[in-house]
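First up is the structure itself, then whatever we jot down about it.
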Amino acid sequence: MSTYDSLHRQCQTLESLFDVKLTSYSRLASTVTSGADVEAGGSGERWKDLELEVGDLLEKLGESNDKLSELTHDSENPLSPSMLRTIQRHREIYNDYVREFRRTKTNVQHALDQANLLSGVRNDIDAYKSSAADALLAERGRIDSSHRMTDDVLAQAYETRAEFGRQQTSLSSINTRMAGVLNTMPGINNLLSMIKTRRRRDAVILGVIIGLCMISLLSYTFR
């Protein structure tokens, strides 16, 4: 019965190890589902490592159960009823572990797929936000540039208006000085009046002469 004892202890050891690893494997699904970053937390790599370890332990447990089942067919060394019940119990535990492993594996894969999808969505949102922020910054730069150009144009307009004001003031000052000079020298006004009168007289004389010339020319023509 040394073979039975050895296989029995081996099954117990494998079952204990499997239970610990399966618990860690299940906890990984909860961690991923809670929203942890798969890439940052390394959940993808841990998932693969744990899955391989749990699968390897389950395979070894199955082999040990198969060897125990073979002992039940040994007619030369029959097993006691308690041993048969123990072998049956190991087989039931093994089947439960197989189902539990499949269920947990599906849950973990679903959680990882969902986490990867959410991570992709977050990346798209971040990329969109970054693009929108760049566009807003560029638009703000264009608006600031337009404001600077407007300020420059207004500054030039104000400077031009100020220059016109200075020129008007200067002209007014010149006119005032000239009027003052004329007022202080009455003879100049008389001289200017005489010049204007003589120009009008010369224009009248010139007009009369031209009229006489035209009359003479017409008279000579129609003779």
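Keep in mind that what you see is a predicted model, and the values were worked out from it rather than measured. Only this structure's heavy atoms are used, side chains among them; waters, hydrogens and symmetry mates stay out.
- Distance OG/Ser64 to CZ/Arg91: 10.0 Å, rounded to 0.5 Å.
- Separating the CZ atom in Arg27 from the OG1 atom in Thr104 is a distance of 12.0 Å, to the nearest 0.5 Å.
- With sequence neighbours excluded, no residue forms a salt bridge (charged side-chain N to carboxylate O under 4.0 Å, His left out) with Asp19.
- Here the straight-line distance linking atom CD of Gln12 with atom CD1 of Ile93 works out to 9.0 Å at 0.5 Å rounding.
- Residues satisfying the side chain to side chain donor-acceptor pair (under 3.5 Å) criterion with Asn95, sequence neighbours excluded, are absent altogether.
- Under the side chain to side chain contact (heavy atoms under 4.5 Å, CB included) criterion, Gln109 pairs with Trp47, Asp113, not counting sequence neighbours.
- Between the NZ atom in Lys21 and the CG atom in Leu52 there is a gap of 11.5 Å [rounded to 0.5 Å].
- Partners of Glu70 according to the side chain to side chain donor-acceptor pair (under 3.5 Å) rule, which considers only residues two or more places apart in sequence or in another chain, do not exist here.
- Smallest separation of non-hydrogen atoms from Val54 and Leu22: CG2-N, 4.1 Å.
- No side-chain donor-acceptor contact under 3.5 Å links Ser6 to the backbone of Thr3.
- The two residues Leu61 and Cys11 make their nearest non-hydrogen contact at CD1-O, 3.8 Å.
- Salt-bridge annotation for Glu63 and Lys60: absent, with no side-chain N of the basic residue lying under 4.0 Å from a carboxylate O of the acidic one.
- Separation of atoms CD (Glu100) and OG1 (Thr23) is listed at 9.0 Å; rounding is to 0.5 Å.
- Within the structure, ring pair (Phe, Tyr, Trp, His ring centres under 6.0 Å) contacts touching residues 51-91 (residues at least two apart or in different chains) are His8-His90.
- For Arg199, the side chain to side chain contact (heavy atoms under 4.5 Å, CB included) test picks out Ile195, with sequence neighbours left out.
- With sequence neighbours excluded, no residue forms a side chain to side chain donor-acceptor pair (under 3.5 Å) with Lys105.
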As a quick check of understanding, evaluate side-chain contact (heavy atoms from CB on, under 4.5 Å) for Arg103 and Thr106, giving each step before the final call.
CA-CA 5 Å; Arg103 184 184 64 81; Thr106 301; 5.9 Å; no
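- Under the 4.5 Å side-chain heavy-atom criterion for ILVMFWY residues, a single connected hydrophobic cluster contains both Leu68 and Leu84.
- Residues Ile209 make up the rest of the hydrophobic cluster containing Ile205, defined by ILVMFWY side-chain heavy atoms closer than 4.5 Å, directly or through other members.
- Atom CG of Asp56 is separated from atom CD of Glu59 by 6.0 Å, given to the nearest 0.5 angstrom.
- Classified by interplanar angle (parallel below 30°, tilted 30° to 60°, perpendicular above 60°), the ring pair Phe18/Phe101 is perpendicular.
- At a threshold of 4.5 Å between non-hydrogen side-chain atoms, the residues Leu212 and Val208 count as touching.
- With sequence neighbours left out, Thr13 forms a side chain to side chain contact (heavy atoms under 4.5 Å, CB included) with Leu17.
- Closest non-hydrogen pair, Glu15 versus Tyr97, comes out as O-OH, 3.5 Å.
- Contacts of Arg102 classified as side chain to side chain donor-acceptor pair (under 3.5 Å), with partners at least two apart in sequence or in another chain: none.
- Taking the salt bridge (charged side-chain N to carboxylate O under 4.0 Å, His left out) definition, one finds that Arg85 meets it with nothing, sequence neighbours left out.
- A continuous path of Ile, Leu, Val, Met, Phe, Trp and Tyr side chains, each step under 4.5 Å between heavy atoms, connects Leu57 with Val98, placing both in one hydrophobic cluster.
- For Tyr94, there are no ring-ring contact (aromatic ring centres under 6.0 Å, His included) partners two or more places apart in sequence or in a different chain.
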